[in-house]
Amino acid sequence: MTLEEGPQSFRVRAYENALHGVRAHRGDLRALSVKELAAIEGIGKSTAQKIREFFDTGRVTRLEELRRKFPPAYVELSRIPGLGPRTLARLRSELGIESVADLRRAIEARQLRELPGLGEKTEANLARAIERLGLAGKHRRTPIAEAMPVAERVAAALAALPDVSHAEVCGSLRRLRETVADIDIVVASAAPQVVMERVAGVAEAVEVEGGGRKASLRVGGAAGGLQVDVRVVEPHQLGAAMIYFTGSRQHNIALRQRALERGWTLNEYALKEIAGGRVIASRSEEEVYGALGLPFIPPAMREGQGEIEAAEAGALPRAVAEEDLRGDLHLHTTYSGDGHSSLEEVVAEAAARGYRYIAITDHGEDLVMNGVSRERMLEQRGRIAALQERYPDLRILHGVELNIGPDGGLDYDEEFRRGFDWCVAAVHSHFDLEPARQTARLIAAMRDPTVNVIGHLSGRRIGRRPGIDFDVDAVLDAAADTGCAIEINSALPRLDAAAEVLLRARDRAVTFVISTDAHHIGELTRTRWGVRHATRGWVPPDAIANTWPAPRFLEWAATRRR
DNA sequence: GCCGTTTTCGGCCCGACTGTTTTCAGTCG
């Protein structure tokens, strides 16, 4: 669609709005008629017909037409940065360019500069963009686990520059999206020229744009590195700028519409009156949301999925905070082959964090490389009992991370499993079974009387390995039915269960647990990602069992195995 | 493509930068 009319086209936005309507819809879309589909917010007659056609035939005629009109080689051209739909259409009609190879030849033959509106500079820029395609194509995305450390390092370096009051990671990274196209950092400084002069010191390559407030850096060695866009604003503009650069685009559009309804306009500098230009709010995000009659909306919820309406109605769940967590229920020690901190170190770290309860959960014996035998498990249990006496305010549960076999079988035997205080069960193998078997496998584990929680539900590694394919609704129903909790795994490469799964659980009585799955004491701080990921899935704090006071939590944990 | 008591057409969020212009179109975020 973008090829035909440009990404800003209203038709593109209409399709995006329709997508949000589909996502927000509760219940089975398949059962709806065209008329019923068209009644959904954002979906009109045309899109309703396409959806119905897809359910009935498995195809969409219009989509197939577009694919014929824009074959893959041509679509590839649209990935080149700086080459938009209008120029592309001209290149096709006037020079017959149908592929990246065609374009390269046309540039070498100096044909582009002959077209009105294009020149030598454009030719050179496109040539350079083609060279970097693959490294920096428009659709290249980096897993959050790679991007976040880079972003935090650059932001810290910028924050340390003179005359800088804030340097904040914004963009999709702040919203905790699983993959990001680039890194956006907003810097507050009254001396932008100083920042621009020094910015070269924090990255390998820098392009400062003409305005003197914007710089593009390339940082990190792997696969051509990451693009970091740095934007310097006046300190009093920080709030408006952070909203603007955090997005999402859909969220910002909705905010601006809201501003217009009040006779105001919102941009990256301020919320102000259209008539006269008086500034209403700009300094902090809270101020801007407040002026628009809204509570602060957590970045992780800013996806244009109805959060503004929910916030206005007071129906947005409170974002769970790290301070809400009273325990960590997925922790490894050196007993696991892949653990790097001793039992004593892990317990001491948990106590230092002020936790009231934790579960030590080393791998069950079925995990060949890293599993723990019965004998070693019993030995660990003895050490935990001894350690418990030194930590009267911290209840140490002896747990285990069980492996869910291809048919739902678990480690040891039921009697031995009943000896643990807490059982996490998780998939570590057989990722390629058909969905029906994966679903049955997960549900079988949930029905096991010793299993408290399913760990990293899909087993995915973001950007590296897809998770298992299973029936989300059936698994969530089983979670609500059995009382077996679902883990919110805080590790950035996992963030599992996925946010879409968490959102799907909204209408069900599913219990969650935010865990770090730490293999080293330095990883207990991962809770900061876990709480943000839970927020992204709109999970209310009370649905998260490890926010509960110890008596309630321990009672609940013990109930499953009676 | 969607939407609507300003309803079946004409609106739809905002601004910066670039390259090519000499007032603007295209691209991007």
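Chain naming here is simple, since letters A, B, ... match the order of the sequence lines and numbering starts at 1 in each. All figures in this text were calculated on a predicted structure; none of them were measured in a lab.
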Please state the [atom1] separation for the pair [N] and [M] - nearest whole angstrom.
N      : M      : atom1 : value
B:dT20 : B:dG26 : P     : 14 Å
B:dT8  : B:dG15 : C1'   : 33 Å
B:dT5  : B:dG1  : C1'   : 23 Å
B:dT23 : B:dC17 : P     : 22 Å
B:dC2  : B:dT6  : P     : 23 Å

[X] [atom1] to [N] [atom2], straight-line distance once rounded to whole Å:
X      : N      : atom1 : atom2 : result
A:L118 : B:dT21 : CG    : C1'   : 13 Å
A:N17  : B:dG11 : CG    : P     : 20 Å
A:Q257 : B:dG11 : CD    : C1'   : 12 Å
A:E120 : B:dG19 : CD    : P     : 12 Å
A:F245 : B:dC14 : CZ    : P     : 16 Å
A:K272 : B:dC14 : NZ    : C1'   : 11 Å
A:I183 : B:dG29 : CD1   : C1'   : 16 Å
A:Q237 : B:dA16 : CD    : P     : 11 Å

OP1, OP2 of [N] versus side-chain N and O of [X]: anything below 4.0 Å?
X      : N      : answer
A:Y269 : B:dC14 : no
A:K214 : B:dC28 : no
A:N125 : B:dG19 : yes

Result for 5'-nearest mapping on DNA chain B, choosing between A:I80 and A:T122, is A:T122
Handout entry: Nearest-nucleotide comparison on DNA chain B, the residue closer to the 5′ end among A:G119 and A:A18
Key =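 Here A:A18 is the residue nearer the 5' end.
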Quick one: which of [options] gets closest to the side chain of [X]?
X      : options                : result
A:R13  : B:dG1, B:dT20, B:dC12  : B:dC12
A:A14  : B:dC14, B:dG19, B:dC2  : B:dC2
A:D184 : B:dC2, B:dG29, B:dG15  : B:dG29
A:E268 : B:dC12, B:dT20, B:dG15 : B:dG15
A:N267 : B:dT20, B:dG1, B:dG15  : B:dG15

Anything under 3.5 Å between a donor and an acceptor, one on a side chain of residues 269-277 of chain A, the other on a protein residue two or more places apart or in another chain? List them.
residue: A:Y269; atom: OH; partner: A:R231; partner atom: NH2; Å: 3.1
residue: A:E273; atom: OE2; partner: A:R278; partner atom: NE; Å: 3.2
residue: A:E273; atom: OE2; partner: A:R278; partner atom: NH2; Å: 3.0

May I ask you to say whether [X] pairs ionically with [Y], meaning some side-chain N is under 4.0 Å from a carboxylate O?
X      : Y      : result
A:R59  : A:E53  : no
A:E309 : A:R258 : no
A:R198 : A:D163 : no

### Query
With sequence neighbours left out, what residues match A:E323 under side chain to side chain contact (heavy atoms under 4.5 Å, CB included)?
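Checked A:E323 against side chain to side chain contact (heavy atoms under 4.5 Å, CB included); matches are A:A321.
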| message | Going by the rule side chain to side chain contact (heavy atoms under 4.5 Å, CB included), which residues pair with A:D182 if we only count those two or more places apart in sequence or in a different chain? | response |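 A:D182 satisfies side chain to side chain contact (heavy atoms under 4.5 Å, CB included) with A:D184, A:Q227, A:D229 once adjacent residues are dropped.
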Any strand, both distances under 3.5 Å, Watson-Crick or G-U wobble: B:dT8 pairs with none
Rounded to the nearest 0.5 Å, the CG atom of A:L83 sits from the CG atom of A:N125 at a distance of 11.5 Å
Rounding to 0.5 Å, atoms CG (A:D469) and CZ (A:R460) come to a distance of 13.0 Å
Compile the donor-acceptor pairs under 3.5 Å between side chains in residues 532-540 of chain A and protein atoms, sequence neighbours left out, one pair per line.
residue: A:R532; atom: NH2; partner: A:R174; partner atom: O; Å: 3.2
residue: A:H533; atom: NE2; partner: A:L495; partner atom: O; Å: 3.2
residue: A:H533; atom: NE2; partner: A:A497; partner atom: O; Å: 2.8
residue: A:T535; atom: OG1; partner: A:V531; partner atom: O; Å: 2.8
residue: A:R536; atom: NH1; partner: A:R175; partner atom: O; Å: 3.0
residue: A:R536; atom: NH1; partner: A:E303; partner atom: OE2; Å: 2.8

| request: Can you label the angle between the A:Y289 ring and the A:F296 ring as parallel, tilted or perpendicular, going by 30° and 60°? | output: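 The rings of A:Y289 and A:F296 stand perpendicular, inter-plane angle above 60°.
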Please produce a list of atom pairs where a protein N or O lies less than 3.5 Å from an N or O of nucleotides 3-5 of chain B.
residue: B:dC3; atom: OP1; partner: A:G42; partner atom: N; Å: 2.9

Check: Going through the checks in order, is the salt bridge (charged side-chain N to carboxylate O under 4.0 Å, His left out) test met by A:E131 and A:R128?
Finding: CA-CA 5 Å; A:E131 290 316 308; A:R128 201 162 63 105; over 6 Å; no
Report, one pair per line, the protein and nucleotides 22-26 of chain B atoms (nitrogen or oxygen only) whose separation is under 3.5 Å.
residue: B:dG26; atom: O3'; partner: A:T87; partner atom: OG1; Å: 3.0

